[in-house]
Amino acid sequence: MMPFPGDVVEPAPGSESSGMPKIRATGVRKQFTSRRGPVLAIDRIDFVAEPGEFISIVGPSGCGKSTFLYILGGFIAASSGDVRVDDVPVKGADPNRGIVFQEFVLFPWKTVLGNVTYGLARQGVPRHERKERARELIDTVKLTGFEKHYPKELSGGMKQRVALARTLIMDPDVLLMDEPFGAIDAQTRVVLQAELLQIWERTTKTVVFVTHSVEEALYLSDKVYVLSHRPARVREILDVDLPRPRDPEAILGTPEYVRLHKRIWALLQEERGKDVDEPG
Amino acid sequence: MSTSPADGAVLPAGRLRQLAPVVLLPALSIAVLLGLWELAPRAGWVRETSIPPFSDVIGEVFDVLSRPGFTTNLASSAERWALGLLIAIAVGVPLGVLMGRWRPLYRLVDPLLVVSYPVPKTALILLFVLWWGAGTVSRVGIVITGCMIPIVISSYHGANAVEERLVWSARGLGTGALSRGVRVILPAALPQILSGLRLAIAISIFTVLGSELLIRGDGIGAYMFTALDNGQTLTVFAMSTIVATIGFLLDLIYVQAVRRGLPWLEGEV
(Lines give C-alpha, C1' and ligand atoms only; values in the text may rest on other atoms or scores of the structure.)
Protein backbone atom coordinates (compact mmCIF):
# COMPACT_ATOMS: atom_id res chain seq x y z
CA MET A 1 0.00 0.00 0.00
CA MET A 2 1.17 3.53 -0.79
CA PRO A 3 2.25 5.59 2.20
CA PHE A 4 -0.41 8.14 2.97
CA PRO A 5 0.33 11.58 4.32
CA GLY A 6 -0.62 11.58 7.97
CA ASP A 7 -0.24 7.82 8.46
CA VAL A 8 0.37 7.26 12.12
CA VAL A 9 3.59 5.31 12.40
CA GLU A 10 4.03 5.50 16.13
CA PRO A 11 1.92 6.85 18.96
CA ALA A 12 2.16 10.62 18.76
CA PRO A 13 3.76 12.12 21.85
CA GLY A 14 2.38 15.23 23.49
CA SER A 15 -1.15 16.39 22.99
CA GLU A 16 -2.90 13.05 22.78
CA SER A 17 -1.39 11.59 25.89
CA SER A 18 -2.09 14.74 27.87
CA GLY A 19 -5.82 14.22 27.30
CA MET A 20 -6.36 17.60 25.69
CA PRO A 21 -9.32 17.62 23.30
CA LYS A 22 -8.65 18.35 19.64
CA ILE A 23 -11.55 20.78 19.40
CA ARG A 24 -13.25 22.52 22.29
CA ALA A 25 -16.06 24.99 21.70
CA THR A 26 -17.61 26.66 24.72
CA GLY A 27 -20.77 28.77 24.82
CA VAL A 28 -20.78 29.50 21.10
CA ARG A 29 -23.51 31.94 20.08
CA LYS A 30 -24.15 33.33 16.63
CA GLN A 31 -26.45 36.18 15.81
CA PHE A 32 -27.13 37.39 12.28
CA THR A 33 -28.61 40.73 11.35
CA SER A 34 -31.48 40.44 8.90
CA ARG A 35 -33.79 43.11 7.56
CA ARG A 36 -36.28 42.30 10.32
CA GLY A 37 -33.64 42.69 13.02
CA PRO A 38 -31.26 40.32 14.76
CA VAL A 39 -31.77 36.56 14.34
CA LEU A 40 -30.23 34.15 16.80
CA ALA A 41 -28.90 31.16 14.83
CA ILE A 42 -26.89 29.39 17.51
CA ASP A 43 -27.56 29.63 21.24
CA ARG A 44 -24.66 28.56 23.46
CA ILE A 45 -23.34 25.33 22.00
CA ASP A 46 -20.68 23.40 23.90
CA PHE A 47 -18.77 20.91 21.78
CA VAL A 48 -15.78 18.66 22.38
CA ALA A 49 -13.97 16.40 19.92
CA GLU A 50 -11.16 14.15 21.13
CA PRO A 51 -8.21 13.55 18.78
CA GLY A 52 -9.13 11.06 16.07
CA GLU A 53 -12.82 11.09 16.90
CA PHE A 54 -15.49 10.97 14.20
CA ILE A 55 -18.39 13.17 15.28
CA SER A 56 -21.59 13.79 13.35
CA ILE A 57 -23.90 16.73 13.88
CA VAL A 58 -27.55 16.22 12.97
CA GLY A 59 -30.47 18.56 13.37
CA PRO A 60 -33.58 19.85 11.62
CA SER A 61 -33.06 21.69 8.31
CA GLY A 62 -31.91 25.26 8.70
CA CYS A 63 -31.13 24.82 12.38
CA GLY A 64 -27.64 26.28 12.12
CA LYS A 65 -25.55 23.09 12.08
CA SER A 66 -23.60 24.22 9.01
CA THR A 67 -23.12 27.65 10.56
CA PHE A 68 -21.58 25.97 13.59
CA LEU A 69 -19.23 24.02 11.33
CA TYR A 70 -18.15 27.24 9.57
CA ILE A 71 -17.40 28.73 12.99
CA LEU A 72 -15.20 25.71 13.83
CA GLY A 73 -13.46 26.25 10.49
CA GLY A 74 -12.88 29.93 11.18
CA PHE A 75 -14.80 30.99 8.08
CA ILE A 76 -17.26 33.03 10.11
CA ALA A 77 -16.77 34.37 13.62
CA ALA A 78 -18.98 33.50 16.58
CA SER A 79 -20.85 36.39 18.17
CA SER A 80 -19.63 35.15 21.51
CA GLY A 81 -18.07 32.05 23.00
CA ASP A 82 -14.73 30.34 22.68
CA VAL A 83 -13.49 27.98 19.96
CA ARG A 84 -10.14 26.28 20.37
CA VAL A 85 -8.26 23.71 18.32
CA ASP A 86 -5.28 22.21 20.16
CA ASP A 87 -6.09 24.78 22.85
CA VAL A 88 -5.32 27.62 20.40
CA PRO A 89 -8.20 30.04 19.74
CA VAL A 90 -9.50 29.79 16.16
CA LYS A 91 -8.92 33.02 14.27
CA GLY A 92 -9.69 32.61 10.60
CA ALA A 93 -9.34 29.65 8.27
CA ASP A 94 -6.31 27.36 8.36
CA PRO A 95 -5.13 24.54 6.08
CA ASN A 96 -4.83 22.40 9.23
CA ARG A 97 -8.64 22.38 9.35
CA GLY A 98 -9.74 21.16 5.95
CA ILE A 99 -13.32 21.61 4.78
CA VAL A 100 -15.47 19.87 2.18
CA PHE A 101 -18.77 21.51 1.22
CA GLN A 102 -21.98 19.98 -0.08
CA GLU A 103 -21.83 22.00 -3.29
CA PHE A 104 -18.93 20.75 -5.38
CA VAL A 105 -16.89 23.93 -5.17
CA LEU A 106 -13.85 23.08 -7.23
CA PHE A 107 -11.91 25.70 -9.16
CA PRO A 108 -13.57 25.23 -12.57
CA TRP A 109 -10.57 26.73 -14.40
CA LYS A 110 -8.20 24.14 -12.96
CA THR A 111 -7.85 20.50 -13.92
CA VAL A 112 -8.20 17.72 -11.36
CA LEU A 113 -4.42 17.86 -10.84
CA GLY A 114 -4.49 21.67 -10.60
CA ASN A 115 -7.27 21.56 -8.01
CA VAL A 116 -5.56 18.93 -5.90
CA THR A 117 -2.16 20.67 -5.94
CA TYR A 118 -3.61 24.15 -5.32
CA GLY A 119 -3.01 24.28 -1.56
CA LEU A 120 0.55 22.96 -1.81
CA ALA A 121 1.35 25.57 -4.46
CA ARG A 122 0.23 28.29 -2.02
CA GLN A 123 2.70 26.88 0.49
CA GLY A 124 5.50 27.05 -2.04
CA VAL A 125 6.02 23.29 -2.36
CA PRO A 126 8.12 22.62 -5.51
CA ARG A 127 6.23 21.53 -8.60
CA HIS A 128 7.53 17.97 -8.90
CA GLU A 129 6.84 17.31 -5.22
CA ARG A 130 3.31 18.70 -5.57
CA LYS A 131 2.67 16.41 -8.50
CA GLU A 132 4.03 13.39 -6.69
CA ARG A 133 1.87 13.96 -3.63
CA ALA A 134 -1.15 14.74 -5.79
CA ARG A 135 -0.76 11.42 -7.60
CA GLU A 136 -0.94 9.56 -4.30
CA LEU A 137 -4.06 11.46 -3.25
CA ILE A 138 -5.71 11.07 -6.65
CA ASP A 139 -4.99 7.35 -6.34
CA THR A 140 -6.50 7.31 -2.85
CA VAL A 141 -9.76 8.82 -4.09
CA LYS A 142 -9.64 6.50 -7.13
CA LEU A 143 -9.42 9.15 -9.85
CA THR A 144 -6.20 8.04 -11.52
CA GLY A 145 -6.49 8.73 -15.25
CA PHE A 146 -8.63 11.85 -14.73
CA GLU A 147 -5.75 14.20 -13.79
CA LYS A 148 -6.17 16.38 -16.87
CA HIS A 149 -9.98 16.59 -16.77
CA TYR A 150 -11.77 19.81 -15.92
CA PRO A 151 -14.53 19.81 -13.27
CA LYS A 152 -17.22 20.32 -15.91
CA GLU A 153 -16.29 16.91 -17.34
CA LEU A 154 -16.80 15.08 -14.02
CA SER A 155 -19.87 13.64 -12.30
CA GLY A 156 -20.99 14.88 -8.89
CA GLY A 157 -19.38 11.95 -7.10
CA MET A 158 -16.07 12.46 -8.92
CA LYS A 159 -16.11 16.17 -8.15
CA GLN A 160 -16.54 15.41 -4.47
CA ARG A 161 -13.62 12.96 -4.62
CA VAL A 162 -11.50 15.77 -6.06
CA ALA A 163 -12.68 18.14 -3.31
CA LEU A 164 -11.74 15.53 -0.72
CA ALA A 165 -8.29 15.02 -2.26
CA ARG A 166 -7.75 18.78 -2.50
CA THR A 167 -8.40 19.04 1.25
CA LEU A 168 -6.54 15.88 2.31
CA ILE A 169 -3.34 16.82 0.48
CA MET A 170 -2.81 19.52 3.12
CA ASP A 171 -2.81 16.68 5.65
CA PRO A 172 -5.16 18.52 8.05
CA ASP A 173 -5.58 17.27 11.63
CA VAL A 174 -9.23 18.21 11.48
CA LEU A 175 -11.59 17.43 8.63
CA LEU A 176 -14.82 19.45 8.55
CA MET A 177 -17.52 18.08 6.27
CA ASP A 178 -20.69 19.99 5.46
CA GLU A 179 -23.21 17.42 4.17
CA PRO A 180 -20.54 16.32 1.68
CA PHE A 181 -22.60 13.48 0.21
CA GLY A 182 -25.96 15.27 0.36
CA ALA A 183 -26.07 16.04 -3.36
CA ILE A 184 -24.78 12.65 -4.53
CA ASP A 185 -26.90 9.74 -5.73
CA ALA A 186 -27.58 6.99 -3.19
CA GLN A 187 -25.36 4.31 -4.77
CA THR A 188 -22.30 6.55 -5.09
CA ARG A 189 -22.92 7.86 -1.58
CA VAL A 190 -22.52 4.39 -0.06
CA VAL A 191 -19.19 3.94 -1.85
CA LEU A 192 -17.91 7.36 -0.81
CA GLN A 193 -18.94 6.80 2.82
CA ALA A 194 -16.97 3.54 2.93
CA GLU A 195 -13.95 5.21 1.35
CA LEU A 196 -14.10 8.09 3.80
CA LEU A 197 -14.11 5.61 6.69
CA GLN A 198 -11.08 3.82 5.23
CA ILE A 199 -9.18 7.10 4.88
CA TRP A 200 -10.17 8.15 8.39
CA GLU A 201 -9.11 4.83 9.90
CA ARG A 202 -5.72 5.07 8.18
CA THR A 203 -5.01 8.67 9.07
CA THR A 204 -6.81 9.08 12.43
CA LYS A 205 -7.96 12.56 11.63
CA THR A 206 -10.57 14.25 13.76
CA VAL A 207 -13.72 14.50 11.66
CA VAL A 208 -16.74 16.74 12.25
CA PHE A 209 -19.47 15.68 9.85
CA VAL A 210 -22.70 17.62 9.36
CA THR A 211 -25.55 15.59 7.90
CA HIS A 212 -29.33 15.38 7.93
CA SER A 213 -29.20 11.60 7.49
CA VAL A 214 -29.50 9.64 10.73
CA GLU A 215 -28.37 6.46 8.93
CA GLU A 216 -25.23 8.17 7.65
CA ALA A 217 -24.43 9.59 11.09
CA LEU A 218 -24.78 6.17 12.77
CA TYR A 219 -22.77 4.33 10.13
CA LEU A 220 -19.85 6.76 10.27
CA SER A 221 -19.56 8.24 13.75
CA ASP A 222 -18.28 7.59 17.23
CA LYS A 223 -20.58 10.23 18.60
CA VAL A 224 -23.66 12.06 17.36
CA TYR A 225 -24.62 15.59 18.41
CA VAL A 226 -28.34 16.23 17.96
CA LEU A 227 -29.11 19.93 17.66
CA SER A 228 -32.42 21.62 18.38
CA HIS A 229 -34.57 23.72 16.11
CA ARG A 230 -33.28 27.27 15.58
CA PRO A 231 -31.68 28.77 17.57
CA ALA A 232 -29.47 25.70 17.69
CA ARG A 233 -28.69 24.20 21.08
CA VAL A 234 -27.32 20.74 21.85
CA ARG A 235 -30.36 18.53 22.46
CA GLU A 236 -28.43 15.36 23.19
CA ILE A 237 -25.04 13.71 22.67
CA LEU A 238 -25.16 9.99 21.84
CA ASP A 239 -22.24 7.55 21.79
CA VAL A 240 -22.42 5.14 18.87
CA ASP A 241 -21.21 1.91 20.41
CA LEU A 242 -20.98 -0.16 17.24
CA PRO A 243 -17.79 -2.17 16.64
CA ARG A 244 -15.52 -1.15 13.74
CA PRO A 245 -14.95 -1.81 10.94
CA ARG A 246 -18.65 -1.47 10.34
CA ASP A 247 -20.67 -3.10 7.63
CA PRO A 248 -23.35 -0.63 6.54
CA GLU A 249 -25.93 -3.41 6.09
CA ALA A 250 -25.00 -5.66 9.00
CA ILE A 251 -25.33 -2.89 11.59
CA LEU A 252 -28.89 -2.09 10.56
CA GLY A 253 -30.54 -4.86 12.59
CA THR A 254 -28.37 -4.63 15.72
CA PRO A 255 -30.17 -3.58 18.91
CA GLU A 256 -27.73 -0.72 19.48
CA TYR A 257 -28.37 0.69 16.01
CA VAL A 258 -32.13 0.37 16.34
CA ARG A 259 -32.09 2.01 19.78
CA LEU A 260 -29.97 4.96 18.60
CA HIS A 261 -31.93 5.37 15.40
CA LYS A 262 -35.24 5.47 17.29
CA ARG A 263 -33.90 7.92 19.83
CA ILE A 264 -32.42 10.36 17.28
CA TRP A 265 -35.47 10.08 15.09
CA ALA A 266 -37.74 10.92 18.02
CA LEU A 267 -35.60 13.92 18.96
CA LEU A 268 -35.66 15.21 15.39
CA GLN A 269 -39.44 14.71 15.16
CA GLU A 270 -39.87 16.79 18.29
CA GLU A 271 -37.64 19.54 16.93
CA ARG A 272 -39.31 19.51 13.53
CA GLY A 273 -42.64 19.96 15.28
CA LYS A 274 -41.41 23.36 16.46
CA ASP A 275 -40.89 24.40 12.89
CA VAL A 276 -44.00 26.50 12.39
CA ASP A 277 -42.88 29.41 10.26
CA GLU A 278 -40.80 27.46 7.77
CA PRO A 279 -42.27 24.09 6.81
CA GLY A 280 -40.02 21.67 4.92
CA MET B 1 -30.43 -1.72 -30.41
CA SER B 2 -30.29 -3.39 -33.80
CA THR B 3 -30.56 -1.35 -36.95
CA SER B 4 -31.98 -2.99 -40.04
CA PRO B 5 -30.76 -1.88 -43.51
CA ALA B 6 -34.14 -0.27 -44.07
CA ASP B 7 -33.63 1.88 -40.95
CA GLY B 8 -30.21 2.88 -42.22
CA ALA B 9 -31.71 4.10 -45.46
CA VAL B 10 -34.38 6.10 -43.67
CA LEU B 11 -32.03 7.76 -41.20
CA PRO B 12 -30.26 10.25 -43.53
CA ALA B 13 -33.59 11.47 -44.87
CA GLY B 14 -34.82 11.91 -41.31
CA ARG B 15 -31.72 13.84 -40.38
CA LEU B 16 -32.14 15.98 -43.46
CA ARG B 17 -35.67 16.78 -42.42
CA GLN B 18 -34.33 17.82 -39.02
CA LEU B 19 -31.55 19.95 -40.48
CA ALA B 20 -33.69 21.62 -43.13
CA PRO B 21 -35.31 24.23 -40.88
CA VAL B 22 -32.02 24.95 -39.09
CA VAL B 23 -29.88 25.49 -42.17
CA LEU B 24 -32.22 26.14 -45.07
CA LEU B 25 -34.54 28.72 -43.58
CA PRO B 26 -31.82 31.18 -42.47
CA ALA B 27 -30.05 30.64 -45.82
CA LEU B 28 -33.32 31.39 -47.56
CA SER B 29 -33.81 34.76 -45.87
CA ILE B 30 -30.23 35.79 -46.68
CA ALA B 31 -30.67 34.67 -50.31
CA VAL B 32 -33.90 36.67 -50.65
CA LEU B 33 -32.23 39.79 -49.23
CA LEU B 34 -29.22 39.54 -51.56
CA GLY B 35 -31.47 38.67 -54.51
CA LEU B 36 -33.60 41.76 -53.96
CA TRP B 37 -30.46 43.88 -53.52
CA GLU B 38 -29.23 42.62 -56.90
CA LEU B 39 -32.59 42.80 -58.66
CA ALA B 40 -33.98 46.13 -57.46
CA PRO B 41 -31.40 48.43 -59.12
CA ARG B 42 -31.11 46.21 -62.22
CA ALA B 43 -34.88 46.18 -62.74
CA GLY B 44 -34.96 49.95 -62.26
CA TRP B 45 -37.04 49.86 -59.01
CA VAL B 46 -34.39 52.02 -57.34
CA ARG B 47 -31.66 54.24 -58.79
CA GLU B 48 -28.21 52.64 -58.99
CA THR B 49 -26.76 55.79 -57.40
CA SER B 50 -28.87 55.06 -54.30
CA ILE B 51 -28.44 51.31 -54.12
CA PRO B 52 -25.89 49.74 -56.46
CA PRO B 53 -26.41 46.03 -57.26
CA PHE B 54 -24.86 43.53 -54.87
CA SER B 55 -22.47 42.06 -57.45
CA ASP B 56 -21.08 45.53 -58.28
CA VAL B 57 -20.52 46.19 -54.57
CA ILE B 58 -18.54 42.96 -54.21
CA GLY B 59 -16.39 43.91 -57.20
CA GLU B 60 -15.77 47.35 -55.69
CA VAL B 61 -14.82 45.78 -52.33
CA PHE B 62 -11.71 44.21 -53.90
CA ASP B 63 -10.89 47.45 -55.66
CA VAL B 64 -11.16 49.45 -52.42
CA LEU B 65 -9.02 46.94 -50.54
CA SER B 66 -6.16 47.48 -52.99
CA ARG B 67 -6.14 51.31 -52.54
CA PRO B 68 -3.27 52.47 -50.27
CA GLY B 69 -5.42 55.35 -48.98
CA PHE B 70 -7.95 52.89 -47.66
CA THR B 71 -5.45 50.71 -45.81
CA THR B 72 -3.75 53.74 -44.22
CA ASN B 73 -7.06 55.06 -42.94
CA LEU B 74 -8.10 51.61 -41.79
CA ALA B 75 -4.85 51.33 -39.85
CA SER B 76 -5.37 54.62 -38.00
CA SER B 77 -8.95 53.58 -37.12
CA ALA B 78 -7.70 50.21 -35.90
CA GLU B 79 -5.08 51.92 -33.76
CA ARG B 80 -7.68 54.12 -32.00
CA TRP B 81 -9.96 51.15 -31.59
CA ALA B 82 -7.31 48.91 -30.05
CA LEU B 83 -5.92 51.63 -27.77
CA GLY B 84 -9.37 52.63 -26.52
CA LEU B 85 -10.46 49.05 -25.93
CA LEU B 86 -7.24 48.15 -24.11
CA ILE B 87 -7.45 51.16 -21.80
CA ALA B 88 -11.13 50.42 -21.10
CA ILE B 89 -10.24 46.82 -20.19
CA ALA B 90 -7.23 47.84 -18.07
CA VAL B 91 -9.36 50.29 -16.06
CA GLY B 92 -12.82 48.72 -16.30
CA VAL B 93 -12.07 45.14 -15.26
CA PRO B 94 -10.22 45.99 -12.00
CA LEU B 95 -12.81 48.67 -11.20
CA GLY B 96 -15.76 46.33 -11.77
CA VAL B 97 -14.15 43.46 -9.87
CA LEU B 98 -13.36 45.73 -6.89
CA MET B 99 -16.94 47.02 -6.95
CA GLY B 100 -18.16 43.45 -6.81
CA ARG B 101 -16.11 42.65 -3.72
CA TRP B 102 -16.23 45.95 -1.85
CA ARG B 103 -19.67 47.41 -1.26
CA PRO B 104 -18.66 51.06 -0.54
CA LEU B 105 -16.97 51.34 -3.94
CA TYR B 106 -20.09 49.92 -5.60
CA ARG B 107 -22.27 52.50 -3.82
CA LEU B 108 -19.86 55.22 -4.94
CA VAL B 109 -19.60 54.28 -8.62
CA ASP B 110 -23.03 52.77 -9.33
CA PRO B 111 -24.95 56.11 -9.45
CA LEU B 112 -22.50 57.37 -12.08
CA LEU B 113 -23.14 54.27 -14.20
CA VAL B 114 -26.91 54.60 -13.81
CA VAL B 115 -26.81 58.26 -14.87
CA SER B 116 -24.43 57.79 -17.80
CA TYR B 117 -25.94 54.55 -19.08
CA PRO B 118 -28.70 56.11 -21.26
CA VAL B 119 -26.44 58.90 -22.59
CA PRO B 120 -25.66 58.25 -26.29
CA LYS B 121 -21.88 58.07 -26.15
CA THR B 122 -21.29 59.22 -29.73
CA ALA B 123 -22.99 62.52 -28.89
CA LEU B 124 -20.25 63.16 -26.32
CA ILE B 125 -17.67 63.40 -29.10
CA LEU B 126 -18.59 67.06 -29.69
CA LEU B 127 -17.85 67.89 -26.04
CA PHE B 128 -14.60 65.95 -26.22
CA VAL B 129 -13.56 67.93 -29.30
CA LEU B 130 -14.41 71.13 -27.43
CA TRP B 131 -12.17 70.10 -24.53
CA TRP B 132 -9.30 68.31 -26.21
CA GLY B 133 -9.54 69.16 -29.91
CA ALA B 134 -10.09 66.67 -32.73
CA GLY B 135 -6.92 64.65 -32.03
CA THR B 136 -6.14 61.22 -30.65
CA VAL B 137 -7.26 62.05 -27.10
CA SER B 138 -10.87 62.73 -28.11
CA ARG B 139 -11.01 59.85 -30.57
CA VAL B 140 -9.61 57.29 -28.14
CA GLY B 141 -11.56 58.87 -25.31
CA ILE B 142 -14.88 58.22 -27.03
CA VAL B 143 -14.00 54.55 -27.53
CA ILE B 144 -13.09 54.23 -23.84
CA THR B 145 -16.33 55.94 -22.81
CA GLY B 146 -18.34 53.69 -25.11
CA CYS B 147 -17.06 50.33 -23.89
CA MET B 148 -16.36 51.20 -20.26
CA ILE B 149 -19.92 50.61 -19.04
CA PRO B 150 -20.44 47.04 -20.35
CA ILE B 151 -16.95 46.07 -19.13
CA VAL B 152 -17.44 47.54 -15.64
CA ILE B 153 -20.96 46.17 -15.24
CA SER B 154 -20.09 42.65 -16.38
CA SER B 155 -16.96 42.59 -14.20
CA TYR B 156 -19.00 43.80 -11.24
CA HIS B 157 -21.67 41.14 -11.73
CA GLY B 158 -19.07 38.43 -12.29
CA ALA B 159 -17.12 39.27 -9.14
CA ASN B 160 -20.25 39.85 -7.06
CA ALA B 161 -21.71 36.46 -7.99
CA VAL B 162 -18.65 34.36 -7.11
CA GLU B 163 -19.80 31.45 -4.97
CA GLU B 164 -18.81 32.28 -1.39
CA ARG B 165 -17.86 28.65 -0.69
CA LEU B 166 -15.35 28.81 -3.53
CA VAL B 167 -13.68 31.77 -1.83
CA TRP B 168 -13.81 29.88 1.47
CA SER B 169 -12.23 26.84 -0.14
CA ALA B 170 -9.32 29.03 -1.25
CA ARG B 171 -9.11 30.56 2.23
CA GLY B 172 -9.08 27.13 3.79
CA LEU B 173 -6.22 26.14 1.49
CA GLY B 174 -4.10 29.05 2.66
CA THR B 175 -4.79 31.82 0.12
CA GLY B 176 -4.40 35.36 1.47
CA ALA B 177 -6.86 38.18 0.74
CA LEU B 178 -4.86 39.81 -2.08
CA SER B 179 -3.94 36.52 -3.65
CA ARG B 180 -7.61 35.45 -3.63
CA GLY B 181 -8.47 38.44 -5.81
CA VAL B 182 -6.13 37.33 -8.56
CA ARG B 183 -6.28 33.55 -8.11
CA VAL B 184 -9.96 33.04 -7.34
CA ILE B 185 -12.21 36.09 -7.84
CA LEU B 186 -10.82 37.09 -11.24
CA PRO B 187 -10.92 33.63 -12.89
CA ALA B 188 -14.31 32.88 -11.30
CA ALA B 189 -15.68 36.14 -12.71
CA LEU B 190 -14.01 35.59 -16.08
CA PRO B 191 -17.00 34.03 -17.93
CA GLN B 192 -19.11 37.14 -17.26
CA ILE B 193 -16.23 39.52 -17.93
CA LEU B 194 -15.70 37.88 -21.32
CA SER B 195 -19.39 38.28 -22.19
CA GLY B 196 -19.14 41.98 -21.39
CA LEU B 197 -15.99 42.19 -23.46
CA ARG B 198 -17.76 40.71 -26.47
CA LEU B 199 -20.35 43.47 -26.19
CA ALA B 200 -17.59 46.06 -25.74
CA ILE B 201 -15.87 44.95 -28.95
CA ALA B 202 -19.05 45.60 -30.94
CA ILE B 203 -19.62 48.97 -29.24
CA SER B 204 -16.01 50.06 -29.75
CA ILE B 205 -16.18 49.50 -33.51
CA PHE B 206 -19.38 51.50 -33.60
CA THR B 207 -17.96 54.41 -31.58
CA VAL B 208 -14.69 54.66 -33.48
CA LEU B 209 -16.57 54.79 -36.76
CA GLY B 210 -19.20 57.19 -35.40
CA SER B 211 -16.58 59.62 -34.12
CA GLU B 212 -14.77 59.62 -37.46
CA LEU B 213 -18.00 60.26 -39.34
CA LEU B 214 -18.69 63.21 -37.05
CA ILE B 215 -15.30 64.89 -36.82
CA ARG B 216 -13.74 63.63 -40.06
CA GLY B 217 -9.97 64.13 -40.28
CA ASP B 218 -8.64 60.66 -41.02
CA GLY B 219 -9.75 57.13 -40.31
CA ILE B 220 -12.09 54.81 -42.13
CA GLY B 221 -15.23 56.75 -41.17
CA ALA B 222 -13.80 59.99 -42.57
CA TYR B 223 -12.66 58.17 -45.72
CA MET B 224 -16.19 56.88 -46.22
CA PHE B 225 -17.66 60.35 -45.76
CA THR B 226 -15.31 61.75 -48.38
CA ALA B 227 -16.48 59.10 -50.83
CA LEU B 228 -20.09 60.10 -50.10
CA ASP B 229 -19.24 63.77 -50.66
CA ASN B 230 -17.74 62.82 -54.02
CA GLY B 231 -20.92 60.98 -54.96
CA GLN B 232 -19.18 57.58 -55.04
CA THR B 233 -22.14 55.56 -53.81
CA LEU B 234 -20.59 52.28 -54.88
CA THR B 235 -17.45 53.00 -52.82
CA VAL B 236 -19.52 53.89 -49.76
CA PHE B 237 -21.40 50.60 -50.09
CA ALA B 238 -18.17 48.65 -50.54
CA MET B 239 -16.57 50.23 -47.49
CA SER B 240 -19.66 49.66 -45.36
CA THR B 241 -19.55 46.04 -46.45
CA ILE B 242 -15.89 45.78 -45.45
CA VAL B 243 -16.49 47.37 -42.04
CA ALA B 244 -19.48 45.10 -41.39
CA THR B 245 -17.41 42.06 -42.39
CA ILE B 246 -14.55 43.11 -40.10
CA GLY B 247 -16.99 43.45 -37.19
CA PHE B 248 -18.50 40.07 -37.95
CA LEU B 249 -15.08 38.39 -38.23
CA LEU B 250 -13.78 39.99 -35.05
CA ASP B 251 -16.75 38.61 -33.12
CA LEU B 252 -16.29 35.18 -34.69
CA ILE B 253 -12.56 35.13 -33.91
CA TYR B 254 -13.21 36.32 -30.36
CA VAL B 255 -15.75 33.58 -29.65
CA GLN B 256 -13.48 30.92 -31.17
CA ALA B 257 -10.43 32.19 -29.29
CA VAL B 258 -12.28 32.10 -25.98
CA ARG B 259 -13.58 28.61 -26.68
CA ARG B 260 -10.10 27.30 -27.48
CA GLY B 261 -8.17 29.34 -24.95
CA LEU B 262 -10.43 28.48 -22.01
CA PRO B 263 -11.48 24.83 -22.39
CA TRP B 264 -12.88 24.80 -18.85
CA LEU B 265 -15.60 27.31 -19.67
CA GLU B 266 -19.19 26.06 -19.49
CA GLY B 267 -21.58 27.41 -22.10
CA GLU B 268 -20.88 30.30 -24.47
CA VAL B 269 -19.46 33.77 -23.87
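Chain A is the first sequence line, chain B the second, and so forth, proteins listed ahead of strands; every chain is numbered from 1.
- With a 4.5 angstrom heavy-atom cutoff, A:Leu106 touches chain B only via backbone atoms.
- Judged by distance alone, the side chains of A:Tyr70 and B:Arg165 do bring a donor and an acceptor atom under 3.5 Å apart.
- Of the two parts of B:Val184, the backbone and the side chain both hold a non-hydrogen atom closer than 4.5 Å to a non-hydrogen atom of chain A.
- Heavy atoms of A:Tyr118 lying under 4.5 Å from chain B belong exclusively to its side chain.
- Side chains of A:Gln31 and A:Ser79: no donor on one and acceptor on the other come within 3.5 Å.
- Of the atoms belonging to B:Leu265, it is backbone heavy atoms, and not side-chain ones, that fall under 4.5 Å from chain A.
- For CZ of A:Arg24, the number of neighbouring non-hydrogen atoms (other residues, nucleotides, ligands) closer than 6.0 Å is 12 at most.
- Note on ring orientation: taking the six-membered ring where Trp is involved, the planes of A:Phe101 and B:Trp168 are tilted (angle from 30° to 60°).
- Within a 6.0 Å radius of CZ in B:Arg183, other residues, nucleotides and ligands contribute 12 heavy atoms or fewer.
- Most heavy-atom pairs under 4.5 Å with chain B: of the set A:Arg97, A:Met170, A:Gln123, A:Arg166, this distinction falls to A:Arg166.
- Interface remark: of the candidates B:Pro187, B:Ser179, B:Pro263, B:Pro187 forms the most heavy-atom pairs closer than 4.5 Å to chain A.
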